[in-house]
There are 2 protein chains.
Amino acid sequence: MANIQEVAKEAGVSVATVSRVMNGGAVTPKTKGKVEEVIRRLKYEPSMLGRNLRNSESRLLLVLIPTISNPYYSDIINGIENAVIPQGYNILLCETDSNPERENIYFDMVRKKMADGIISMDPTVNMEELKILAEDHPIIQCSEYSVESGIPFVTIDNEEAAYRAVSHLVNIGSTDIAMINSDVTFLYARQRQLGYQRALEENGIPFDEEDVYYTNGPSFEHGQQAMRKMLTGHKEYSAVFAVSDLLAIGALKEAHQLGLRVPEDIAIAGFDKIAFSNMTNPALTTIAQPMYDMGTTSAQMLIDKINGRPVESTMMSHELIIRESTIG
Amino acid sequence: MANIQEVAKEAGVSVATVSRVMNGGAVTPKTKGKVEEVIRRLKYEPSMLGRNLRNSESRLLLVLIPTISNPYYSDIINGIENAVIPQGYNILLCETDSNPERENIYFDMVRKKMADGIISMDPTVNMEELKILAEDHPIIQCSEYSVESGIPFVTIDNEEAAYRAVSHLVNIGSTDIAMINSDVTFLYARQRQLGYQRALEENGIPFDEEDVYYTNGPSFEHGQQAMRKMLTGHKEYSAVFAVSDLLAIGALKEAHQLGLRVPEDIAIAGFDKIAFSNMTNPALTTIAQPMYDMGTTSAQMLIDKINGRPVESTMMSHELIIRESTIG
DNA sequence: ATGAAAGCGCTAACAC
DNA sequence: GTGTTAGCGCTTTCAT
């Protein structure tokens, strides 16, 4: 628990020299060796607190997500971590629970210099506040974003991806295709619905607003509810496009519960390719987003921004993964 | 971006007074009002960097987990967060990836005072290092632990829980009960195997080491592999007890893939009651650990430890959740 | 009740 | 190449 002063004194040098040894400044091999010996002997660990104050940086990056229990974020976070750690940063995973108070705690952390910047992946984020914060602090949006905010973002072409997924459902012979969508206040929900609509119309299937089943949330249970409503309704469907895997997995479970076979009686496609989409029976057809790369990219963008380098929004590629839930 | 000096100057008081206003020291209502007005006007946000250095604390707590993608940890982390945030702390979720280097980065953070303490939930943690670190720094073990380390822990009675799960399998009429276990270098794996063994023996079923199928890891795929090996072997089983839900879900998928019906042909029980254990078809019988409470408890223990208060290890309760995978 | 001043541990500009 | 010194922004005695 020694500090830099004690090391300097013990080694018979100045604190500046010790600092230089620590940070690779110009020092004689001889003094360097001597100082290093003392550091080892005294088990000296430089305090980041002093360094942080001096450099007025915390080397901490906030990653805002609505909840940690949504596996959607796992790989993105992995990508972020692997990108920032080699550059001497660490991330603070912030669960907002879509709660403005929680969110404010985290915004405060960057205002109070406990964090150097933010990667926001929270679709429920208070965009007004985020925008204001972005005036004075480095912020990047990942996955969910607002163009008008002027804050740089990383995303995929949601409309095109949904278009491909639904086109696939048409290609396997479905004509009555329902959609399970979350709240259209979210940009991705609107974009994916547009893709659904375009795929139908280009194939001569009229779009009907009644075929879209909206949920009150993003979770498994919401998917179940939507599916129950759909299957107990007056219309029959041969395929369902769900706006996320979690919703699709809920729908799948409910279909089974109501005695339907997937994909024979009804095909189901999801979106995101979360790890669990492969664990269900049948495995889920879905859209793969380049999660990991989205993570590394947004991380690098944030660090660039922190260092005053110019940053451009990025559109990443996606891929349709065809699995058992849409083809026998 | 004003600092305390500017506020003091603008308000015509000393920095000490500003500090008192911020921290609830004794100040005349009149000066207090004046200072607060200036704070608002200058949009002053006190830097935690200065405060942290001065108080030599970071108010940051590390939570060590092997990987964020294992849903097992979600609820525990939730509990931790809700316990620490009201007390002015924040947590840094640390994915070690069971990589000693990664781990060391995080250990370094507490050595370098960037974090005030650690809650370790990583079964692969380097116990030697952790023990040494615990001599100088507050550390709590949650879920996975070593008694010999002398580091306080929070856990459930794994042996008893496994005993109950396997007893349940016996009660529904199974006599040929296999176990899917992970690596017995982990304490929980050893304890749960003991429970499995005791349940068999108390019911007059001889324990056979060959009925235990060991995996090379904790994931879904490892569960699949174990199940494949089991079902393509020479022995037939009517029930399987998996040491975790993730392994059980893998086993379930593989059973389906090989044309077996669950629970009719083979019953499957898991352990942990992760969110997904309810999303499979059939839903999984499992052991519920009081995740959230384990989180809050270990968090409070850590904060107590940081504040020099005495801390006792805690054994928490568990519950057998019987669902479709073991009863038609 | 308020102010002056010391100091938390570190880095970097400047001088030698 | 090395030492001296001035802060980074804050809290907390110690005076008054």
Side-chain angles (χ1 to χ4, degrees), chain A residues 1-39 42-60 88 108-116 136-137, chain B residues 1-39 42-60 88 108-116 136-137:
Chain A
M1 301 304 110
N3 63 20
I4 199 172
Q5 316 258 19
E6 302 176 49
V7 174
K9 192 169 156 195
E10 180 78 13
V13 298
S14 73
V15 292
T17 301
V18 178
S19 177
R20 286 189 192 103
V21 171
M22 304 295 307
N23 300 293
V27 198
T28 330
K30 192 180 151 200
T31 27
K32 187 175 173 189
K34 186 175 54 183
V35 172
E36 282 173 338
E37 183 272 323
V38 176
I39 288 177
L42 266 48
K43 296 202 178 80
Y44 167 61
E45 298 275 357
S47 159
M48 310 255 10
L49 264 25
R51 160 198 275 266
N52 287 347
L53 175 58
R54 174 62 221 222
N55 299 344
S56 57
E57 62 174 13
S58 65
R59 298 240 138 210
L60 231 42
D108 256 9
M109 284 187 73
V110 357
R111 295 195 194 101
K112 295 186 196 305
K113 308 239 196 290
M114 260 302 274
D116 295 346
D136 296 316
H137 303 277
Chain B
M1 301 302 108
N3 63 21
I4 199 171
Q5 317 258 18
E6 303 176 50
V7 174
K9 193 169 154 196
E10 181 76 14
V13 299
S14 74
V15 293
T17 301
V18 178
S19 176
R20 287 188 191 104
V21 171
M22 305 294 308
N23 300 293
V27 198
T28 328
K30 192 181 154 201
T31 26
K32 186 173 174 192
K34 186 173 55 180
V35 171
E36 282 174 338
E37 182 273 322
V38 175
I39 288 178
L42 266 47
K43 296 200 177 79
Y44 168 61
E45 297 277 357
S47 159
M48 310 252 16
L49 263 27
R51 160 197 275 264
N52 287 347
L53 174 57
R54 175 62 219 228
N55 299 346
S56 57
E57 63 175 11
S58 65
R59 298 241 138 207
L60 230 43
D108 256 9
M109 284 186 72
V110 357
R111 294 195 194 99
K112 295 187 196 306
K113 308 233 196 290
M114 260 301 274
D116 295 345
D136 297 317
H137 303 278

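What's counted below: heavy atoms across the whole structure, side chains too, no hydrogens, waters or symmetry copies. Chain letters run A, B, ... following the sequence lines, proteins first and then strands; every chain starts at 1.
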Problem set entry | side-chain contact (heavy atoms from CB on, under 4.5 Å) assessment of A:Asn3 paired with A:Ser47 | CA-CA 8 Å; A:Asn3 63 20; A:Ser47 159; over 6 Å; no
Exercise. So what does the secondary structure string of DNA chain C come out as, 5' to 3', with Watson-Crick or wobble pairs under 3.5 angstrom, [ ] for crossing and | for pairs with another strand?
Worked result: ||||||||||||||||
Problem set entry | All side chain to side chain contact (heavy atoms under 4.5 Å, CB included) counterparts of A:Thr31, not counting sequence neighbours | A:Val13, A:Val27, A:Thr28, A:Lys34
Problem set entry | Partners meeting side chain to side chain donor-acceptor pair (under 3.5 Å) with A:Lys112 (sequence neighbours left out) | B:Glu45
Exercise. Can you pull the side-chain hydrogen bond (donor to acceptor under 3.5 Å, both in side chains) pairs that have at least one residue in residues 4-13 of chain A, sequence neighbours excluded?
Worked result: A:Glu10-A:Arg41
For this session: Please work out which residues in residues 25-39 of chain A have a non-hydrogen atom less than 4.0 Å from an atom of DNA chain D and list them by number.
Result: A:Ala26, A:Val27, A:Thr28, A:Thr31
Seminar exercise, completed: Bounded by its outermost nucleotides with an atom under 4.0 Å from a heavy atom of chain B, the footprint on DNA chain C reads C:dA1 to C:dG9
Problem set entry | Residues in side chain to side chain contact (heavy atoms under 4.5 Å, CB included) contact with B:Ser56, at least two apart in sequence or another chain | none
Exercise. What are the two closest heavy atoms between B:Leu49 and A:Lys113, and how far apart are they?
Worked result: CD1-O, 3.2 Å
Exercise. Among all residues two or more places apart in sequence or in another chain, which pass the side chain to side chain donor-acceptor pair (under 3.5 Å) test with A:Arg59?
Worked result: A:Glu57
For this session: Going 5' to 3' through nucleotides 8-16 of chain D, assign each nucleotide B (protein heavy atom under 4.0 Å from a base atom), S (under 4.0 Å only from sugar-phosphate atoms) or - (no protein heavy atom that close).
Result: BBBBBB---
For this session: Using the test salt bridge (charged side-chain N to carboxylate O under 4.0 Å, His left out), find all partners of B:Asp108 that sit at least two apart in sequence or belong to another chain.
Result: B:Arg111
For this session: Would you please name every residue forming a side chain to side chain donor-acceptor pair (under 3.5 Å) with A:Ser58, sequence neighbours left out?
Result: A:Asp116
Exercise. Yes or no on side-chain contact (heavy atoms from CB on, under 4.5 Å) for B:Val35 and B:Arg20, after CA distance, side-chain angles and deciding distance?
Worked result: CA-CA 10 Å; B:Val35 171; B:Arg20 287 188 191 104; over 6 Å; no
Problem set entry | side chain to side chain donor-acceptor pair (under 3.5 Å) partners of B:Arg54, counting only residues at least two apart | none
For this session: Of all the heavy-atom pairs spanning A:Ser14 and A:Ala8, show the shortest one and how long it is.
Result: C-CB, 3.7 Å
